[in-house]
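Just below is one structure, and these are the notes that go with it.
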Amino acid sequence: MATRTDTEPTGGAYVDEFRAFLEDTWLGYALVLPSVVLMGIIIIYPTLRGIQLAFYEASLLNPQQKTFVGLQNFAQMAGAPAFQTALWHTVLLTALAVSLQYVLGLGLALALKEKVPGAGLFRSLSMITWVLPIIVMVIIFRFMTQTGFGPINIVLSSLGMETAAWFGQPGVAFPLVVVMHVWRNVPFYAIALMAAMKSIPETQYEAARLDGAGPLQRFRYITLPQISYVSMIMIVLHVIFTFNNFDIIYLSTGGGPLGNTEVLATYIYKQAFQQYAMGYAASIGVTMLLIMMVFTVVYAHLEARD
């Protein structure tokens, strides 16, 4: 006959272990629950509500009265020239700003990584542009481009060149918006990428030098692969930020002049709060959400393959 050894847990021990497991588990759930509820209130519910609203004709003047129209808002959006222009401006702004930010930030990170005079001071001051309130940044740029007393126009005038209120010039306003994005975010890229480079063991570079690898080869085969994860996070976050950005455009140009800086975020605002077309505005917001979801999944998948 099999006998129970002293090392085998008794039935009471099983009960005690199960009770301890439940207590630990429910404690964890209890600690996480407030955050989950908060996320549900400020993120999940508004998102689901916006998706639902995209299939209705609804006005801000009478929010209680809604009419189900199915995909009519999306069909109207696809055929609207203003939407197509805003989408093109959004994609172009995102592509230009993020590309320039990454390339310039990477170059700055490589420079800061070296032991050059003043690098430590620059690291300390470089984040000022990123932590500066956006409204302050816009005021600075608008002051610099003002006619009469703006520093840029003063320099142009002294050189005998044409001066203007540059944010009001159709061919100049959009590049200025790109410059503001780049000016604000390049130092943040540089600090993040430099931190990633600092984590690469110096022995790998020494081994590559012994094998005859030059600076470009070391950069291509050692530096870039080992900062790829940080690069992916930075690019994805800033693509989402730039694609959805509202405040820089709205505060600097309002989408003008003549719609030359109109992006999807400002277009949605005007449709919702100036034209009062809440359902139509929600359909544009859902489209932006889908575009960003597809981009994030595809980009992350391509990075994972590399």
Side-chain angles (χ1 to χ4, degrees), residues 82 85-86 88-109 111-112 118-192 234 237-270 272-274:
T85 301
W88 165 243
H89 288 162
T90 304
V91 173
L92 182 61
L93 173 64
T94 303
L96 288 175
V98 175
S99 299
L100 289 171
Q101 287 165 12
Y102 183 79
V103 171
L104 295 176
L106 182 60
L108 191 56
L112 291 175
L121 177 62
F122 181 81
R123 283 195 215 95
S124 303
L125 298 177
S126 60
M127 292 300 290
I128 291 177
T129 63
W130 193 72
V131 301
L132 201 67
I134 289 177
I135 182 61
V136 176
M137 178 191 70
V138 172
I139 290 173
I140 291 172
F141 271 83
R142 290 194 68 90
F143 168 76
M144 291 177 64
T145 57
Q146 273 292 358
T147 55
F149 56 84
I152 292 177
N153 279 321
I154 290 175
V155 172
L156 292 177
S157 179
S158 66
L159 296 175
M161 301 175 66
E162 179 186 357
T163 63
W166 296 112
F167 274 103
Q169 298 296 311
V172 182
F174 189 84
L176 279 175
V177 171
V178 175
V179 169
M180 284 195 293
H181 278 274
V182 173
W183 181 83
R184 177 177 175 79
N185 293 314
V186 162
F188 185 68
Y189 272 83
I191 297 300
M234 295 292 294
L237 288 178
H238 280 83
V239 164
I240 294 173
F241 166 77
T242 309
F243 193 87
N244 294 313
N245 184 256
F246 168 80
D247 43 9
I248 292 179
I249 295 284
Y250 186 76
L251 293 171
S252 60
T253 65
L258 304 176
N260 279 270
T261 60
E262 190 81 270
V263 293
L264 290 178
T266 55
Y267 183 61
I268 288 177
Y269 174 83
K270 291 175 181 178
F273 299 107
Q274 294 180 4

According to the interplanar angle, ranging from 0 to 90°, do the rings of [X] and [Y] count as parallel (below 30°), tilted (30 to 60°) or perpendicular (above 60°)?
| X | Y | result |
| --- | --- | --- |
| H181 | F241 | perpendicular |
| F141 | W183 | perpendicular |
| F246 | Y250 | parallel |

Considering all heavy atoms of both residues, which atom of [X] and which atom of [Y] are nearest to each other, and what is their separation?
| X | Y | result |
| --- | --- | --- |
| T94 | T90 | OG1-O, 2.7 Å |
| G168 | P170 | O-CD, 3.6 Å |
| G259 | T85 | O-CG2, 4.4 Å |
| G105 | Y189 | CA-CB, 3.9 Å |
| A173 | G256 | CB-O, 4.4 Å |

Between [atom1] of [X] and [atom2] of [Y], what distance do you get to the nearest 0.5 Å?
| X | Y | atom1 | atom2 | answer |
| --- | --- | --- | --- | --- |
| N244 | L264 | CG | CG | 9.0 Å |
| N185 | M234 | CG | CE | 8.0 Å |
| I248 | L93 | CD1 | CG | 8.5 Å |
| R184 | I128 | CZ | CD1 | 13.0 Å |
| I154 | L159 | CD1 | CG | 12.0 Å |

Quick check: do [X] and [Y] have side-chain heavy atoms less than 4.5 Å from each other?
| X | Y | answer |
| --- | --- | --- |
| F174 | L92 | yes |
| P151 | F143 | yes |
| F188 | T129 | no |

Only counting residues at least two apart or in another chain, list the ones meeting side-chain hydrogen bond (donor to acceptor under 3.5 Å, both in side chains) with Y102.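 With sequence neighbours excluded, Y102 shows a side-chain hydrogen bond (donor to acceptor under 3.5 Å, both in side chains) to S231, given in chain and number order.
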
Test: side chain to side chain donor-acceptor pair (under 3.5 Å). Region: [range]. Which pairs qualify, not counting sequence neighbours?
| range | result |
| --- | --- |
| residues 148-172 | N153-W166 |
| residues 252-265 | T253-T261, E262-T266, E262-K270 |
| residues 137-149 | none |

Kindly write out the residues that satisfy side chain to side chain contact (heavy atoms under 4.5 Å, CB included) with V136, not counting sequence neighbours, or none if the list is empty.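 Partners of V136 under the side chain to side chain contact (heavy atoms under 4.5 Å, CB included) test: L132, P133, I140.
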
With sequence neighbours excluded, residues passing side chain to side chain contact (heavy atoms under 4.5 Å, CB included) with I139: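 If we apply the side chain to side chain contact (heavy atoms under 4.5 Å, CB included) test to I139, skipping adjacent residues, the hits are I135.
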
Applying side-chain contact (heavy atoms from CB on, under 4.5 Å) between V177 and each of I249, V138, V182, report the one that passes.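 Among I249, V138, V182, the one that satisfies the side-chain contact (heavy atoms from CB on, under 4.5 Å) with V177 is I249.
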
